[in-house]
Engineer: 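I'd like to ask you about the structure that follows.
All values below were derived from every heavy atom in this structure, side-chain atoms included, with hydrogens, water molecules and symmetry-related copies excluded. In what follows, chains are A, B, ... by sequence order, proteins preceding strands, each numbered from 1.
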Amino acid sequence: MALIECRELTKEYRRGENVIRPLQELDLEVEAGAFLALMGPSGSGKTTLLNLIAGIDQPTRGELIIDGEDVGKLSRSRLAAWRADYIGYVFQLYNLVPVLTAYENVELPLLLHPIKRRERHERVATALELVGLADRHDHYPRQLSGGQEQRVAIARAIVADPRIIVADEPTGDLDKPAAHAIMNLLTRLNQELGKTMIMVTHDAHTAEYAARTLHLDKGRLVESGAHIAAGAAMEAAS
Amino acid sequence: MIRFRMMPLVIRQVTRHRTRTLLTAGGVATSMFLFVAVQAMQNGVAMATETSAADTTLVVYREDRYCPFTSRLPQYYLRDILTIQGVESAVPMKVVVSNCRASLDVVTFRGVPSEEFSGDYAARMTLIDGDLQQWRRRSDAALVGETLAARRGLKIGDRFDAAGVITYVAAIISSHEPQDQNVAYVHLDFLQQTTDRKLGTVTQFNIKVQSPKYLDSVARAVDERFASAEYPTSTRPEKAFVAQAAADMIELIGFTRWLGWGCLAAVLALVGNAIVLGVQDRIREHAVLQTLGYNSFLIQRLIVTESLLLGLLGGVLGAGLAVGVLQWGQFALTADGVSIPFAAGWTLILFGVGLSVLLGVVAGLVPAWQAARRPITTCFRAV
Ligand SMILES: Nc1ncnc2c1ncn2[C@@H]1O[C@H](COP(=O)(O)OP(=O)(O)OP(=O)(O)O)[C@@H](O)[C@H]1O
Ligand SMILES: [Mg+2]
């Protein structure tokens, strides 16, 4: 069974008479450990789909079954707890808390769990080491470059060891070398730690890191296929 | 309310906008300072005027007179008073004040005969410094209430001049009775001679009855006894007497209650405003926290804790300062020879701080509720 199953997943917004339908009866399966890229024109519903899978938004109709549970039907508070367990979210604009240091930002998800200070410390240190920023732990976001901020955000997304990482244009605001570093990092999370990765991107080159790319248009999937180029892109980059 | 490990998160938010926090806490502190001062006056009125079940003191005053200058009674009434059933002891007393108007620093002299004074009447006081024997021996000696001594900085052996009366501080006493705390007891004949030379005339008699149940019957008996005499009397329990004598002042103090309520409203508005601004600044941040798995109830508690801290900070500053100032100044409002002290102590600090914290919590509730209600995805799109 796939880790993520969408069946006739639909999202609607009503504005008076108008009905906006960013997602229309979408069917999708994502296996555990997959690396999926979502592409498509602006307004095609990529973020909407990502947010549904991340459990920060709820579908109007259809089913969204993740690890055997219909996430679309969880209550608000159950959904929050579910997110803490399953999802790490990487934003385009990093979204670090500006008054907290890199260390404290990464620590945020762990504060939800009753774990000892020392263990918390170890896990934050491990996550920061993984993204190569152990020496920047006491820096505030404004003291970091965009690429570094995004790496802190990735550390924050993985520190609680979620099964799924979603990323909405994670390199959209970065220059080429920084984007490349981020993509290498995400690829490692997928290959070495087995995280299921779903990434939205506008950039075909970035999409090549993924094993599979899906195209959305007007809330529907238009084509799908396995990407053989993923490995090649990795080689070319390194 | 929230886990201890989340406290640093809240404290970071409080210290985030230092100027805003300082202004808010300063405003709260000012309001709480005023509120506590008002409350101290209200408490003082209660202490000075509310008769308790154990009270056994009656004050005999000239009928229809309300001020020590006009209440004159013959000293020989004492003999008659002592024969009334239920009277344990009685002290004739001449009252002289340094200032007729209501003021914060009136010196009130009470002239009492030393022989009557030493018995029952003195029993309600505790000597905290000096020597009662010396007070008895020296004709110009004064026995000074703790509050008055603190306010005027008086020590044993000081000469002390007020209302044209120069006395020698022989002892300092404390008493549960607010009226004793704020007066100087001197010898009756000394006071009669140094002021109006009306020997044989006193302002009032203070009667101690054998038990509280005699208060009414003795009061009635005294007034009946002198009803047809040249100088009729009006007798009331001491605290009721204070309430009557200071009625105007008490009415004014009662009015300040509104000021107190106003201060509380100001605290609510100040903290509420700061939290609303802070929450608006952080719409996206709260959405991020929710994305990480923080539920809306937790977000609410974080926000409310933040406003609680603002209330606490302002409350501790304001209430602490107010009680400090009032303790240091030992102020009492005095008019017509009776005083209403500012009753400010630890319990008032706790009350003030507690109230301030409570208001902080209340002020945070609505912004917290609003912040947590907003759907996460719209928060991200909003900015
Ligand atoms: N809260 C909302 N109310 C109304 N319409 C919305 C809301 N959120 C999204 N939409 C609409 O849904 C459609 C899809 O939006 P979505 O953000 O998913 O697009 P996207 O593919 O991520 O675009 P982009 O590449 O520009 O990020 C858009 O037309 C958008 O205007
Ligand atoms: Mg988008």
Side-chain angles (χ1 to χ4, degrees), chain A residues 11 13 22 47-52 54-58 74-101 103-117 120-121 140-141 153 156-160 162 166 168, chain B residues 1-21 274-275 277-303 305-306 309-310 368-383:
Chain A
K11 180 70 188 177
Y13 294 104
T47 299
T48 305
L49 176 59
L50 207 64
N51 287 347
L52 288 177
I56 62 173
D57 201 357
Q58 297 205 279
L74 291 178
S75 70
R76 232 186 131 156
S77 62
R78 294 272 310 278
L79 196 56
W82 179 87
R83 280 196 299 272
D85 281 346
Y86 275 88
I87 301 293
Y89 202 126
V90 179
F91 302 89
Q92 177 178 355
L93 293 173
Y94 333 125
N95 278 335
L96 298 178
V97 179
V99 286
L100 301 181
T101 61
Y103 180 95
E104 290 162 332
N105 266 289
V106 176
E107 193 185 22
L108 283 173
L110 296 181
L111 295 177
L112 292 170
H113 303 285
I115 44 181
K116 293 230 166 61
R117 218 182 126 84
R120 226 163 51 220
H121 180 82
Y140 287 91
R156 182 178 68 183
I158 58 168
V159 72
V166 298
D168 196 351
Chain B
M1 205 160 77
I2 58 165
R3 303 257 172 219
F4 181 71
R5 56 179 182 266
M6 302 223 170
M7 265 328 266
L9 196 58
V10 178
I11 290 169
R12 279 307 169 79
Q13 299 299 357
V14 173
T15 52
R16 181 179 204 159
H17 296 283
R18 232 160 263 170
T19 320
R20 189 194 286 170
T21 299
I275 294 297
L277 289 177
V279 167
Q280 270 170 4
D281 285 351
R282 304 204 302 267
I283 291 177
R284 180 178 272 267
E285 241 167 73
H286 288 140
V288 171
L289 289 179
Q290 294 201 56
T291 305
L292 297 179
Y294 287 54
N295 63 37
S296 27
F297 185 47
L298 178 54
I299 302 284
Q300 285 173 337
R301 283 178 298 158
L302 288 170
I303 294 171
T305 307
E306 194 179 324
L309 282 184
L310 283 178
W369 177 74
Q370 285 177 334
R373 202 177 51 130
R374 222 175 260 128
I376 304 173
T377 49
T378 48
C379 298
F380 284 128
R381 285 178 202 272
V383 192

Engineer: If you take all heavy atoms of A:Leu112 and B:Leu292, which pair is closest and at what distance?
Structural biologist: CD1-O, 3.7 Å
Engineer: Identify the residues of residues 296-303 of chain B whose heavy atoms come closer than 4.5 Å to a heavy atom of chain A, ordered by number, or report 'none'.
Structural biologist: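 The list, in residue order, reads B:Ser296, B:Leu298.
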Engineer: Show every donor-acceptor pair shorter than 3.5 Å between a side-chain atom in residues 1-15 of chain B and any protein atom, with sequence neighbours excluded, or say none if there are none.
Structural biologist:
{"unit_1": "B:Arg5", "atom_1": "NE", "unit_2": "A:Leu111", "atom_2": "O", "d": "2.6"}
{"unit_1": "B:Arg5", "atom_1": "NH2", "unit_2": "A:Leu111", "atom_2": "O", "d": "3.2"}
{"unit_1": "B:Arg5", "atom_1": "NH2", "unit_2": "A:His113", "atom_2": "O", "d": "3.3"}
{"unit_1": "B:Arg12", "atom_1": "NH1", "unit_2": "A:Val99", "atom_2": "O", "d": "2.7"}
{"unit_1": "B:Arg12", "atom_1": "NH1", "unit_2": "A:Glu104", "atom_2": "OE1", "d": "2.9"}
{"unit_1": "B:Arg12", "atom_1": "NH2", "unit_2": "A:Glu104", "atom_2": "OE1", "d": "3.4"}
{"unit_1": "B:Arg12", "atom_1": "NH2", "unit_2": "A:Glu104", "atom_2": "OE2", "d": "2.8"}
{"unit_1": "B:Gln13", "atom_1": "OE1", "unit_2": "B:Arg16", "atom_2": "NH1", "d": "2.8"}
{"unit_1": "B:Gln13", "atom_1": "NE2", "unit_2": "B:Glu285", "atom_2": "OE1", "d": "3.2"}
{"unit_1": "B:Thr15", "atom_1": "OG1", "unit_2": "B:Ile11", "atom_2": "O", "d": "2.9"}
{"unit_1": "B:Thr15", "atom_1": "OG1", "unit_2": "B:Arg12", "atom_2": "O", "d": "3.3"}

Engineer: Output the option from A:Ala81, A:Pro98, A:Ala54 having the highest count of non-hydrogen pairs under 4.5 Å with chain B.
Structural biologist: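 Between A:Ala81, A:Pro98, A:Ala54, the count favours A:Pro98.
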Engineer: Decide yes or no for A:Phe91 and B:Thr291: does some side-chain heavy atom of the first lie under 4.5 Å from some side-chain heavy atom of the second?
Structural biologist: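 Answer yes - side chains close enough.
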Engineer: Would a 4.5 Å heavy-atom cut-off, applied to side chains only, mark A:Lys11 and B:Thr377 as touching?
Structural biologist: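 They are not in contact (no side-chain heavy atoms under 4.5 Å apart), so the answer is no.
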Engineer: For A:Asn51, is it the side chain, the backbone, both or neither that has a heavy atom under 4.5 Å from a heavy atom of chain B?
Structural biologist: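 For A:Asn51, the side chain is the part near chain B, not the backbone.
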Engineer: Check each atom of A:Ile87 against the heavy atoms of chain B and say whether the ones under 4.5 Å are side chain, backbone, both or neither.
Structural biologist: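 No part of it gets close to chain B.
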Engineer: For the side chain of A:Arg83 and the backbone of B:Gln290, is there at least one donor-acceptor N/O pair under 3.5 Å apart?
Structural biologist: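 Side chain of A:Arg83 to backbone of B:Gln290: a pair is present.
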Engineer: Please classify the contact between A:Arg117 and chain B as side chain, backbone, both or neither, with a heavy-atom cut-off of under 4.5 Å.
Structural biologist: neither
Engineer: Should we count CZ of A:Arg78 as having more than 12 external heavy atoms under 6.0 Å?
Structural biologist: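 Counting neighbours around CZ of A:Arg78, 12 or fewer heavy atoms of other residues, nucleotides or ligands fall under 6.0 Å, so no.
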Engineer: Determine the minimum heavy-atom distance between A:Ile56 and B:Phe380, stating which atoms define it.
Structural biologist: CD1-CE1, 4.0 Å
